[in-house]
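Naming convention: chains lettered A, B, ... in sequence-line order (proteins, then strands); numbering from 1 in each chain.
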Amino acid sequence: MIHSTPRLRFAPSPTGPLHLGGARTAMYNWAAARALGGTFLLRIEDTDQARSTEASLRIILAGLRWLGIDWDEGPEQGGDYGPYFQMQRLHLYREAADRLLAEGHAYLCYCTPEEIEVGRKELEALKAGFSGYNRRCRSLSSEQRAAFERDGRKPNVRFKMPDARVMQVHDLVRGHVEVNTKELDDWVMLRPDGVPLYNFACVVDDIGMQITHVVRGEEHFLNGIKQRLLFEALGAECPLYAHIPLILNMEGKKLSKRDADTNMLDYRDKGFPAEAVFNYIALLGWGFSGDRDVFTRAEMVGAFKIEGIGKSGSKFDEEKLRWMCGEYVRHWTPAEFVQRARPWLADAVPTAAFTTHAAWLQNALACYQERVAILNELAAKVGWLFADPAMDEAAAKNLVKDPASKQWLAAYAEHLQNSNLPPSWPADRQGVDDVVHLPTKKDATAAACAFWTPSAIEHDCRAFTETLGVKFGHFVHPVRAALTGTDKGPGLFDVLFLLGKDTCVRRLRTAAT
RNA sequence: GUCCCGGUCGUCUAGUCCGGCCUAGGACCUCAGAUUUUCAUUCUGGUAACACGGGUUCGAAUCCCGUCCGGGAUACCA
């Protein structure tokens with residue numbers, strides 16, 4: 001190991017939001033740093049001035065925070081190895097470039113883009129395989145150089161690649177790989193305006209920030225070769241590299257806007273639990289164990305090894321992500337569920353329900369905890385709790401399936417009128433044991449409180465259907481339709497309990513007419 | 001074109017390094033059943049894979065070679 005403490009980084013360029021792939025890269029670096037007891041830092045690669053924006057940076061940082069990926073050094077955090085924005089480190093690149101120039105590892109290139117293109121075409125015509133920059137400026141005489149300067153040409157700084165050196169490298173994920181440097185260009189390190197290009201800035205900073213491990217997408221594999229050479233030229237030891245496969249869509253193509261939300265914050269805003277998204281992303285190329293795939297961040301850190309990342313590409317599966325979300329939602333306590341769902345309920349639930357009728361609301365929402373995976377699905381389901389619902393098609397059908405059902409409803413309305421059904425929200429429900437946490441504690445006994453519990457209501461209802469001479473199974477469907485306007489949802493007696501006497505009676509009578 | 005990497009159920013993967021414990025395990029999806037007042041949850045069970053062809057070996061998903069397919073790279077983007 002190069003440095004005593006492992007130091008890892010995530011180095012996004014703020015040219016767009018934090019997407020799935022970036023989130024995974026950040027996560028693996030983060031997890032490795034935490035697992036190794038090292039430092040995780042953020043470095044902002046903002047050298048693409050045309051595309052970098054402040055807004056993107058904010059979105060990236062928010063996305064990371066949302067996923068629970070925290071950094072020890074970087075933006076809004078500081079640290080001893082800053083600055084952490086590349087545009088604030090230009091002098092460091094200039095220095096390194098001068099050194100490389102002086103030591104003969106780099107040279108000035110005066111070629112115009114057009115000239116480079118012409119050179120490339122010529123090499124291509126040779127059909128010798130590799131085609132790139134023809135290295136014309138490598139061997140410029142001082143006269144030629146002076147002539148270019150007189151023409152007002154401003155030089156790039158190019159790195160001198162070895163002609164045909166076989167690089168034997170070890171990649172933490174790919175293992176032993178050999179690459180011949182003849183496949184590589186003399187690449188540009190520094191532009192005339194002093195702004196560095198990716199490979200150069202990356203290495204100068206990895207040295208400066210004492211990075212020990214680099215986990216990044218496989219599109220950087222060849223960059224890794226260029227970078228190793230640069231580390232060597234600069235007399236520094238290079239970090240351990242791990243190049244991981246990309247995330248693909250279900251067709252095996254590059255993930256696009258059509259396949260998944262490209263912005264992590266979209267998942268947040270739709271109500272995907274962050275823990276679930278984190279958990280799911282972790283699984284894209286890494287396995288917790290042979291027989292478990294639900295785990296906490298801490299458990300991941302405990303089990304994570306860079307070498308354990310898979311070599312084959314993985315496809316993003318929305319269905320499994322959705323399942324994972326449900327898995328997390330169901331494990332929250334009812335109180336937690338209310339609290340976490342609240343932002344998505346602003347329009348669907350009256351504020352008073354959260355404050356003066358919190359216990360009642362908690363009961364009501366608890367009924368949906370196993371029926372919802374993504375929080376934005378909730379609002380559309382709970383309307384019947386607060387306002388007389390419109391009847392959907394399936395419910396309307398259930399209402400008329402049996403010609404006698406309207407009579408049942410009318411009779412049941414009368415029956416409930418004289419019953420111990422709890423009062424309706426938002427009327428005073430004092431004395432009602434609203435803390436039964438439906439639907440998990442249906443067995444609370446009727447004797448325990450002044451008003452009926454769901455199980456007591458059911459008991460009574462079964463008896464009632466008998467006196468009515470109707471099969472219980474037939475009876476419940478029209479009642480559910482009348483009360484909720486749909487044919488799905490919580491247990492019917494939870495519905496009655498939550499709605500209370502006045503509302504139930506009113507809706508039954510309305511449906512009976 | 002050239003170079004690099006990969007290929008286990010439809011999907012994510014375990015197993016591959018150190019061949020036998022793999023008649024290939026788990027999860028999602030799907031199907032069937034159970035529970036049930038609906039939906040959902042839960043439970044039980046089923047379908048489903050070592051890309052193909054050659055080797056090596058007593059024995060190969062695991063090692064070797066070839067083929068095919070997929071991905072990545074080949075910038076004054078990162």
Side-chain angles (χ1 to χ4, degrees), chain A residues 11-13 15-16 45-48 50-52 109 111-113 116-117 120 124 127-133 156-158 171 173-175 177-180 182-185 187-193 195 197-199 201-202 216-223 225 243 245-246 248 250 252-254 280 283-294 307 310-324 326-327 330 367-373 381 394-395 398 439 458 461-462 465 471-477 479-481 484 486-493 495:
Chain A
S13 59
T15 53
E45 310 213 326
D46 53 357
T47 54
D48 187 341
R51 295 193 300 145
S52 293
C109 170
C111 293
T112 63
I116 292 167
E117 192 49 35
R120 187 192 314 280
E124 238 167 68
K127 295 212 188 292
F130 176 75
S131 65
Y133 176 58
N156 285 310
V157 182
R158 274 186 197 271
D171 188 283
V173 165
R174 292 189 174 202
V177 184
E178 289 183 8
V179 177
N180 194 315
K182 71 180 181 196
E183 303 297 333
L184 271 11
D185 241 340
W187 47 281
V188 175
M189 305 188 318
L190 199 64
R191 282 185 270 235
D193 61 3
V195 177
L197 258 44
Y198 170 69
N199 282 306
C202 186
R216 73 217 322 185
E218 70 179 3
E219 71 269 25
H220 287 302
F221 181 77
L222 230 40
N223 286 329
I225 303 295
H243 291 94
L246 272 28
L248 310 168
M250 286 305 268
K253 302 289 176 203
K254 214 168 179 171
Y280 177 75
L283 251 14
L284 252 22
W286 180 77
F288 179 75
S289 74
D291 54 6
R292 242 185 92 187
D293 46 17
V294 180
E307 295 87 339
K311 284 195 253 213
S312 51
S314 40
K315 298 176 181 173
F316 174 72
D317 183 358
E318 246 181 324
E319 301 229 49
K320 186 151 186 176
L321 171 58
R322 187 171 194 288
W323 167 81
M324 184 74 78
E327 197 68 10
R330 286 190 290 276
C367 294
Y368 283 97
Q369 221 174 318
E370 62 191 30
R371 294 177 167 83
V372 146
K381 295 180 190 285
N398 282 342
E458 174 171 2
C461 178
R462 285 184 188 273
T465 56
K471 270 177 102 174
F472 181 72
H474 288 173
F475 182 77
V476 292
H477 297 298
V479 175
R480 171 185 301 283
T484 68
T486 84
D487 65 337
K488 322 184 193 323
L492 184 60
F493 306 103
V495 169

Distance, rounded to the nearest Å, where [X] contributes [atom1] and [N] contributes [atom2]:
| X | N | atom1 | atom2 | answer |
| --- | --- | --- | --- | --- |
| A/Arg371 | B/U42 | CZ | P | 12 Å |
| A/Lys311 | B/C5 | NZ | P | 9 Å |
| A/Glu370 | B/U35 | CD | P | 18 Å |
| A/Met189 | B/C77 | CE | P | 14 Å |

Side chains of [X] and [Y]: does their closest heavy-atom pair fall under 4.5 Å?
| X | Y | value |
| --- | --- | --- |
| A/Tyr198 | A/Asp48 | no |
| A/Met250 | A/Asp317 | yes |
| A/Asp293 | A/Lys320 | yes |
| A/Lys311 | A/Val173 | yes |
| A/Tyr133 | A/Cys111 | yes |
| A/Asn199 | A/Trp187 | yes |
| A/Pro192 | A/Asn156 | yes |
| A/Met324 | A/Leu283 | yes |

*May I ask you to decide if the ring planes of A/Phe493 and A/Phe472 are parallel, tilted or perpendicular, using 30° and 60° as cut-offs?*
parallel
Suppose you measure atom [atom1] in [N] against the same atom in [M]; what distance do you get, rounded to whole Å?
| N | M | atom1 | value |
| --- | --- | --- | --- |
| B/C63 | B/C17 | C1' | 11 Å |
| B/U23 | B/C39 | P | 41 Å |
| B/C31 | B/U47 | P | 16 Å |
| B/C5 | B/U67 | P | 15 Å |
| B/C3 | B/U56 | C1' | 30 Å |
| B/C64 | B/A32 | P | 45 Å |
| B/A14 | B/A40 | C1' | 31 Å |
| B/U16 | B/U2 | C1' | 30 Å |

List every contact pair, protein side and nucleotides 43-45 of chain B side both N or O, where the distance is under 3.5 Å.
none

*Pairing of A/Arg462 and A/Glu458 as salt bridge, 4.0 angstrom limit*: yes
*Would you call A/Arg120 and A/Glu117 a salt bridge, taking side-chain N to carboxylate O under 4.0 Å as the test?*
yes
*5' priority, RNA chain B, between A/Asp487 and A/Tyr133 [closest heavy atom]*: A/Asp487
*Pick the nucleotide of RNA chain B nearest each of A/Asp48 and A/Gly473; which residue has the one closer to the 5' end?*
A/Gly473
Under 4.0 Å, counting only non-hydrogen atoms across every strand here, what does [X] touch: a base, just sugar-phosphate, or nothing?
| X | value |
| --- | --- |
| A/Glu178 | sugar-phosphate |
| A/Cys461 | nothing |
| A/Asn156 | base |
| A/Thr112 | base |
| A/Pro490 | base |

*asked:* Working note: A/His477 + A/Asp487, criterion side chain to side chain contact (heavy atoms under 4.5 Å, CB included); need CA distance, chi angles, decisive distance, verdict.
replied: CA-CA 7 Å; A/His477 297 298; A/Asp487 65 337; over 6 Å; no
*Which residues pass the salt bridge (Lys or Arg N to Asp or Glu O under 4.0 Å) test with A/Arg216, sequence neighbours left out?*
none
_Going by the rule salt bridge (Lys or Arg N to Asp or Glu O under 4.0 Å), which residues pair with A/Arg191 if we only count those two or more places apart in sequence or in a different chain?_
none
*Return yes if some donor-acceptor pair links the side-chain N/O of A/Tyr368 with the main-chain N/O of A/Lys381 below 3.5 Å, else return no.*
yes
Go ahead and name the base partner of [N]; Watson-Crick or wobble counts if both distances stay under 3.5 Å, otherwise write none.
| N | value |
| --- | --- |
| B/C76 | none |
| B/U16 | none |
| B/A32 | B/U44 |
| B/G7 | B/C68 |

*Nearest heavy-atom pair of A/His243 and A/Asp171: which atoms, and what distance?*
ND1-OD2, 2.7 Å
*How does protein reach along nucleotides 11-30 of chain B, written 5' to 3' as B (base within reach of a heavy atom under 4.0 Å), S (only sugar-phosphate), or - (no contact)?*
SBS-----------BSBSS-
_Base contacts versus sugar-phosphate-only contacts with protein, heavy atoms under 4.0 Å: please encode nucleotides 66-74 of chain B as B, S and - from 5' to 3'._
-----SSSS
*Considering only side-chain heavy atoms of A/Arg158, which listed nucleotide, B/A78, B/C76, B/C4, is closest?*
B/C76
*asked:* Is there, by distance only and without an angle test, a donor paired with an acceptor across the side chain of A/Arg330 and the base of B/U41 below 3.5 Å?
replied: no
Produce the list of close N/O pairs, under 3.5 Å, pairing protein atoms with atoms of nucleotides 47-52 of chain B; give distances to one decimal.
none

